[in-house]
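Residue numbering restarts at 1 for every chain, and letters A, B, ... go by the order of the sequence lines.
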Amino acid sequence: MSKLPRSFYARAAEDVARDLLGKVLVRMFEGHMLRGRIVETESYTGESDPGSHAFRGPSPRNRVMFGEAGHLYVYLSYGMHSCMNVVTDSVGVAGAVLIRALEPLEGVAAMATLRGGRPFVELCNGPGKLCQAFAITRSQNGMDLESTEIWIEDDGWIPLEITCSTRIGLSAGTDLPLRFFLPDNIFVSKGKTSGG
DNA sequence: TGAATGATCACG
DNA sequence: GTGATCATTCAT
């Protein structure tokens, strides 16, 4: 049960995305401890990645992707949903890992309330859903994962198997196998699998 | 299958 | 300033 150090994040986004599978996101919210195991991620880089927000260089929105690793990058999608990324790579190099799905472990009642009473398996099986369940909005943008409000820890659990496939919901860069998930885990978001 | 809903970006 | 686009979710 150890909190991941900043050096864990200060690597290539693709490596961080793969290694985050099985780790546990922890969030303190109004006295509740919310915990969920990461079961699905996608990696995004910079100028070489047409699917990335940072593809066209720095802007006010993607600024944190170019900053120090181990911070949160949260943005609003489709005008109504927040999506949560973890910043990777070194300062000046754009990189981030989108957290797409979690397996709820602790604080499930609080998550269900935040999610409007949705069924258990639908609490965190999508990027917008898990942000709602963990009360993460753009006001958490730039937050440090070494803070006491939100962090990611390793509880020793190791995935049996990791599968990769192309990323979801993009109009560019869809040919790259940069989505990582645990096959057979029921909390992985719906959408395409690795061709099966 | 498509409605909801607003920030962001390119362009002028 | 305007218009197109979007790393989605939910109800039909």
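In this structure, the NE2 atom of His81(A) is 13 Å from the P atom of dA7(C), given to the nearest Å. As a whole-Å value, the separation of Leu130(A) CG from dT8(C) P is 12 Å. Distance, Leu123(A) CG to dT9(C) P: 13 Å, rounded to whole Å. Rounded to whole Å, the distance from CD on Glu40(A) to P on dT8(C) is 10 Å. dA7(C) atom P lies 20 Å from atom CD of Glu14(A), rounded to whole Å. At whole-Å resolution of the value, CG in Leu178(A) and P in dA7(C) are 15 Å apart. Whole-Å rounding puts the Asn62(A) CG to dA10(B) C1' distance at 15 Å.
The listed nucleotides are dT9(C), dC9(B), dA7(C); the one nearest the side chain of Met65(A) is dA7(C). For Arg100(A), whose side chain is taken as the heavy atoms from C-beta onward, the closest listed nucleotide among dT8(C), dC10(C), dC9(B) is dT8(C). Between dA7(C), dT9(C), dA10(B), one nucleotide has an atom nearer to the side chain of Tyr73(A) than all others, and that is dA7(C). If you check dA7(C), dA7(B), dA4(B) against the side chain of Met80(A), the one that comes closest is dA4(B). Residue Leu98(A) has its side chain nearest to dA7(C) when only dA10(B), dA11(C), dA7(C) are considered. For Lys129(A), the side-chain atoms get nearest to dC10(C) when compared with the rest of dC10(C), dC9(B), dA10(B).
Between Arg56(A) and the phosphate of dC9(B), there is no side-chain N or O to OP1/OP2 separation shorter than 4.0 Å. Contact between the side-chain N/O atoms of Arg61(A) and the OP1/OP2 oxygens of dG6(B) is not found at any separation under 4.0 Å. Side-chain N/O atoms of Arg138(A) include none lying less than 4.0 angstrom from OP1 or OP2 on dT8(B).
With Phe8(A) as the aromatic partner, Arg11(A) meets the cation-pi criteria of under 6.0 angstrom to the ring centre and within 45 degrees of the ring axis.
Following chains of ILVMFWY side-chain contacts shorter than 4.5 Å, one cannot reach Leu20(A) starting from Val64(A), and the two form parts of different hydrophobic clusters. If you chain together hydrophobic residues whose side chains sit under 4.5 Å apart, Met33(A) and Ile136(A) never meet in one group.
Both geometric conditions, a ring-centre gap below 5.5 Å and a plane tilt below 30°, are not fulfilled together for Tyr75(A) over the base of dA7(B).
The 12-atom threshold is exceeded at CZ of Arg6(A), counting heavy atoms of other residues, nucleotides or ligands nearer than 6.0 Å. By the neighbour-count criterion of 12 heavy atoms within 6.0 Å, atom CG of Asp184(A) is sparsely surrounded, having that number or fewer from other residues, nucleotides or ligands.
Where pairing requires Watson-Crick or G-U contacts shorter than 3.5 Å, the helical stems of DNA chain B with at least three consecutive pairs are B:1-4 with C:8-11, B:6-11 with C:1-6.
Between Glu42(A) and Arg100(A) there is a salt bridge, since a side-chain N of the basic residue sits under 4.0 Å from a carboxylate O of the acidic one. A salt bridge is defined here as a Lys NZ or Arg NE, NH1 or NH2 lying under 4.0 Å from an Asp or Glu carboxylate O, and Glu40(A) with Arg179(A) meets this definition.
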Distances for protein N or O near nucleotides 2-6 of chain C N or O, under 3.5 Å:
| unit_1 | atom_1 | unit_2 | atom_2 | d |
| --- | --- | --- | --- | --- |
| dC6(C) | OP1 | Ser171(A) | OG | 2.5 |

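Under the 3.5 Å distance criterion, the side-chain polar atoms of Arg27(A) are matched with a main-chain donor or acceptor of Ala135(A). Proximity of a side-chain donor or acceptor of Arg167(A) to a complementary backbone N or O of Gly173(A) within less than 3.5 Å is detected.
Test Lys23(A), Arg35(A), Arg37(A) against Glu153(A) for salt bridge (Lys or Arg N to Asp or Glu O under 4.0 Å) and you get one pass: Arg35(A).
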